[in-house]
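Presented below is the structure to which this report refers.
Proteins get letters first, then strands, A, B, ... in listed order; numbering begins at 1 in each. Since we're looking at a predicted model, the values are computed, not measured.
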Number of protein chains: 2
Amino acid sequence: MVLPLLEPADGQGVVPCCPPLTERPMTAAEAETAARMFKALGDPVRLRLFSAVASHEGGEACVCDISDVGVSQPTVSHHLKKLKEAGLLTSERRGTWVYYRVEPSVLAAMGKLLAMPAAA
Amino acid sequence: MVLPLLEPADGQGVVPCCPPLTERPMTAAEAETAARMFKALGDPVRLRLFSAVASHEGGEACVCDISDVGVSQPTVSHHLKKLKEAGLLTSERRGTWVYYRVEPSVLAAMGKLLAMPAAA
DNA sequence: CGTCTATGTTGACATACGTCGAACCAGTGC
DNA sequence: GCACTGGTTCGACGTATGTCAACATAGACG
């Protein structure tokens with residue numbers, strides 16, 4: 001269920017799931033994997049939540065810090081869960097609060113997917 | 001209806017709609033705009049079509065060259081339309097065939113959205 | 001004009017999605 | 001143990017989405 005946008009990824013030695021979009025036509029399997037990530041970011045609320053976590057100090061944030069996006073709290077939780085299932089975020093409970101974190105390696109893999117060919 | 005992922009964009013002087021995801025929390029408006037793009041790429045079939053066009057010689061391809069993605073022809077047409085509405089592709093009829101093209105500036109804008117901070 | 005090929009549009013349908021309120025767990029502190 | 005606060009899960013509901021078959025449109029070519 002946990003989408004590996006990238007393989008185990010020890011440290012930063014990221015092994016992206018797929019080549020850059022512009023390198024060659026994606027296979028069905030690659031598209032399936034990558035689309036899950038894009039789909040996860042394809043909702044305004046989720047995008048804001050993700051951006052809030054990603055831009056937060058240390059790449060992690062407490063739910064309480066980012067839940068002000070105009071929807072009910074259960075909805076926030078629902079979206080965070082989706083982002084987690086998409087492999088974009090991880091969560092950890094620390095005492096009263098739950099912290100969500102974005103893995104730098106995931107960000108790197110996403111960036112590579114959209115990398116421009118030198119020319120362009 | 002035509003989503004400007006970026007402003008007029010004369011040539012390569014792209015003016016992205018939004019800052020990198022990691023720079024600061026996106027505003028509701030920014031998220032709305034950027035999410036439309038991610039959403040468009042959030043379907044495996046569309047992602048394959050987009051990749052097929054983007055990786056094709058000259059950044060453009062005839063529908064007949066890319067419509068082998070496992071769904072019916074109307075469905076292909078439907079998805080191409082969606083990609084067009086999302087501002088990711090443009091189309092042009094040349095004689096019998098219709099060609100779809102990806103704007104390099106759009107690719108660049110997407111890349112910047114996911115750009116990594118120097119560190120990480 | 002008529003027909004054939006290449007695409008786009010329409011209508012219908014099953015499924016997925018986003019949202020909320022209510023109920024439910026997890027820690028904290030009294 | 002009990003109440004309180006922070007979060008998640010559940011059930012329901014309306015809407016959006018992906019898909020196809022059938023039909024419509026655009027050029028090309030006789």
### Task
Check for a donor-acceptor pair, side chain of Arg36(A) on one end and backbone N or O of Ala86(A) on the other, with a separation under 3.5 Å.
no

### Message
Are Leu107(A) and Phe50(A) packed together at the side-chain level, in the sense that at least one heavy-atom pair is separated by less than 4.5 angstrom?
### Response
yes

### Query
Could you give the CH2-to-P distance, from Trp97(B) to dT7(C), as a whole number of Å?
8 Å

### Query
Taking atom CD of Gln73(A) and atom OG1 of Thr75(A), what is their separation to the nearest 0.5 Å?
9.0 Å

#### Entry: Distance below 4.0 Å between Lys81(A) side-chain N/O and dG7(D) OP1 or OP2
no

### Query
Do Tyr99(B) and Val53(B) share a hydrophobic cluster (ILVMFWY, side-chain heavy atoms under 4.5 Å, transitive)?
no

#### Entry: Shortest non-hydrogen contact from Gly58(B) toward Arg101(B)
O-NH1, 3.7 Å

### Task
Strictly below 4.0 Å, heavy-atom distances to any atom of DNA chain D: list the hits from residues 72-79 of chain A, or just say none.
Gln73(A), Pro74(A), Ser77(A)

#### Entry: Separation of atom OH in Tyr99(A) from atom C1' in dT8(D), rounded to whole Å
17 Å

### Query
When clusters are formed by joining ILVMFWY residues with side-chain heavy atoms under 4.5 Å apart, either directly or through shared neighbours, do Trp97(A) and Val76(A) land in the same one?
no

### Query
From Met110(A) CE over to Phe38(B) CZ, what is the distance, rounded to the nearest 0.5 angstrom?
7.0 Å

### Query
Counting side-chain heavy atoms from C-beta on, which of dT8(D), dA6(C), dC17(C) comes nearest to Val98(A)?
dT8(D)

### Message
Please give me the minimum heavy-atom distance between Asp43(B) and Ala35(A), naming the atom from each residue.
### Response
C-CB, 3.8 Å

### Task
Could you state the atom-to-atom distance from CZ of Arg36(A) to C1' of dC17(C) in whole Å?
17 Å

## Note on the structure
Arg94(B) CZ to dA28(D) C1', in whole Å, measures 17 Å

### Query
Are Tyr100(B) and dA6(C) close enough that a side-chain N or O sits under 4.0 Å from OP1 or OP2?
no

### Message
For a quick test of reading the model: is some side-chain N or O of Lys82(A) closer than 4.0 Å to OP1 or OP2 of dG18(C)?
### Response
yes

### Task
Find the distance Leu80(A):CG to dT9(D):C1' and express it as a whole number of Å.
14 Å

## Note on the structure
Rounded to whole Å, the CD1-C1' distance (Ile66(B) to dA6(C)) equals 13 Å

### Task
State whether the side chain of Ser51(B) and the backbone N or O of Leu21(A) hold a donor-acceptor pair below 3.5 Å, judged by distance alone.
yes

### Message
From C-beta outward on Arg93(A), which listed nucleotide comes closest to its side chain: dA6(C), dA26(C), dC17(C)?
### Response
dA26(C)

### Message
Using whole Å, what does the distance between atom C1' of nucleotide dA26(D) and atom CD of Glu92(B) come to?
### Response
15 Å

### Query
For DNA chain C, what residues of residues 40-65 of chain A have any heavy atom nearer than 4.0 Å?
Asp43(A), Val45(A), Arg46(A)

### Query
Under 4.0 Å between a side-chain N or O of Lys39(A) and OP1 or OP2 of dT17(D)?
no

